[in-house]
Amino acid sequence: GAVVSQHPSWVICKSGTSVKIECRSLDFQATTMFWYRQFPKQSLMLMATSNEGSKATYEQGVEKDKFLINHASLTLSTLTVTSAHPEDSSFYICSARDGRTTNLEQYFGPGTRLTVT
Amino acid sequence: DQQVKQNSPSLSVQEGRISILNCDYTNSMFDYFLWYKKYPAEGPTFLISISSIKDKNEDGRFTVFLNKSAKHLSLHIVPSQPGDSAVYFCAASLSGAGSYQLTFGKGTKLSVIP
C-alpha cells in the first residue's frame with residue numbers, strides 16, 4: 001500500500017514554455033500533498049504544501065505564480081512550472097500523507113527530472 | 001540555518017557489518033523523526049520512524065536510536081547488505097504543528113561493499 005505515482009518521470013522543455021507534473025496517490029486518500037525540489041547532492045527542499053480543496057501554502061522564496069499547484073481531488077495534485085527557465089532545471093518530487101491516519105509519514109513519488117533548454 | 005544535519009556525506013561498510021548513520025538536530029521542538037532511503041533518480045522510501053517519547057525503535061535489520069538530550073539520532077543497519085547501498089535521509093517533524101511538514105538533512109550515501 002501507500003503508493004504514489006508521478007508523471008512524467010522526465011521532461012525536456014524549451015525556455016519560456018510551461019510544464020505540468022502530476023502526482024497521484026494510488027491506494028489511499030491524500031488530504032495533504034507536498035512538493036519538493038532536489039538539487040544535486042543537496043537535501044529535499046520543500047516548495048509547498050497543498051491540502052485538498054484549498055490553496056497551497058508556499059515556502060519562503062518560492063514564487064507561487066511561477067510554480068502553480070492544484071490539489072483538486074484526494075488523489076491528485078499537479079505542479080505547473082510556468083515560463084520555465086534553465087535555472088528551473090531540477091528533480092521535482094511529490095509526497096503524500098494518508099489522511100485516514102495521524103501518522104506523519106509521507107510517501108514519495110519517484111520524482112520528475114525537468115530539463116529546460 | 002540547517003535544523004537537521006547529517007554531517008557525514010558518505011559511509012562505506014563491509015557486507016555483514018553494522019552501518020551506523022548519524023543525524024543531529026537543532027530545534028528542540030522536533031518530536032518525531034523519520035529515516036528515508038533513496039536510490040538515484042527515485043523518490044525516497046520510508047524506512048523507520050521514532051517518536052520523542054521513545055529512545056529506540058526496531059524493525060527487522062533497522063534500529064533507530066534517539067538521544068533527546070543530545071539532540072541526536074542514529075540509524076543502525078545490521079547486518080548490512082549490498083542492497084542497502086543508497087542515500088539515507090534523516091527527517092524531523094513537529095507532530096503538534098498540524099502542518100505535517102518534514103525537515104530533511106542533506107543525506108548520507110551508504111556504500112556496502114560485498
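Letters A, B, ... are given to chains in the order of the sequence lines, protein chains preceding strands, and every chain is numbered from 1. From a predicted model like this one, the values you see are computed outputs, not experimental measurements. The basis for the numbers below is simple: all heavy atoms, side chains too, and nothing from hydrogens, waters or symmetry mates.
- In this structure, chain A has no heavy atom under 4.5 Å from any part of B:Lys109.
- When every heavy atom of A:Ser43 is checked against every heavy atom of B:Gly105, the shortest pair comes out as OG-O, 2.5 Å.
- The cluster map of Ile, Leu, Val, Met, Phe, Trp and Tyr, joined by side-chain heavy atoms under 4.5 Å apart, puts B:Phe65 and B:Leu110 in different clusters.
- For the ring pair (Phe, Tyr, Trp, His ring centres under 6.0 Å) condition, the pairs that include at least one residue of residues 32-53 of chain A, sequence neighbours left out, are A:Tyr36-A:Phe108, A:Tyr36-B:Phe104.
- Within the 4.5 angstrom heavy-atom criterion, atoms from both the backbone and the side chain of A:Leu44 approach chain B.
- Residues A:Leu104 and B:Ser49 have side chains not in contact (no heavy-atom distance under 4.5 Å, counting atoms from C-beta outward).
- Environment of NZ in A:Lys55: sparse, with no more than 12 heavy atoms of neighbouring residues, nucleotides or ligands closer than 6.0 Å.
- Within a 6.0 Å sphere centred on CZ of B:Arg61, heavy atoms belonging to other residues, nucleotides or ligands number more than 12.
- Of the two parts of B:Gln101, the backbone and the side chain both hold a non-hydrogen atom closer than 4.5 Å to a non-hydrogen atom of chain A.
- When heavy atoms are compared at a cutoff of 4.5 Å, B:Tyr39 does not approach chain A at all.
- In the hydrophobic cluster analysis, where Ile, Leu, Val, Met, Phe, Trp and Tyr join through side-chain heavy atoms closer than 4.5 angstrom, A:Met33 is grouped apart from A:Leu68.
- Among A:Gln6, A:Arg113, A:Gln106, the residue making the largest number of heavy-atom pairs under 4.5 Å with chain B is A:Gln106.
- The same ILVMFWY cluster, assembled from side-chain heavy atoms under 4.5 Å apart, contains both B:Met29 and B:Phe33.
- Separation of atoms NZ (B:Lys106) and CE (A:Met45) is listed at 9.0 Å; rounding is to 0.5 Å.
- When heavy atoms are compared at a cutoff of 4.5 Å, B:Leu102 approaches chain A by way of both its backbone and its side chain.
- Residues B:Leu21 and B:Val78 do not share a hydrophobic cluster, defined by chaining ILVMFWY side chains whose heavy atoms lie under 4.5 Å apart.
- The shortest non-hydrogen separation linking A:Ile93 to B:Gly43 is CG2-CA, 4.4 Å.
- By the 6.0 Å contact criterion, NE2 on B:His72 is enclosed, its count of non-hydrogen atoms from other residues, nucleotides or ligands being greater than 12.
- A donor-acceptor contact closer than 3.5 angstrom is absent between the side chains of B:Tyr100 and A:Glu105.
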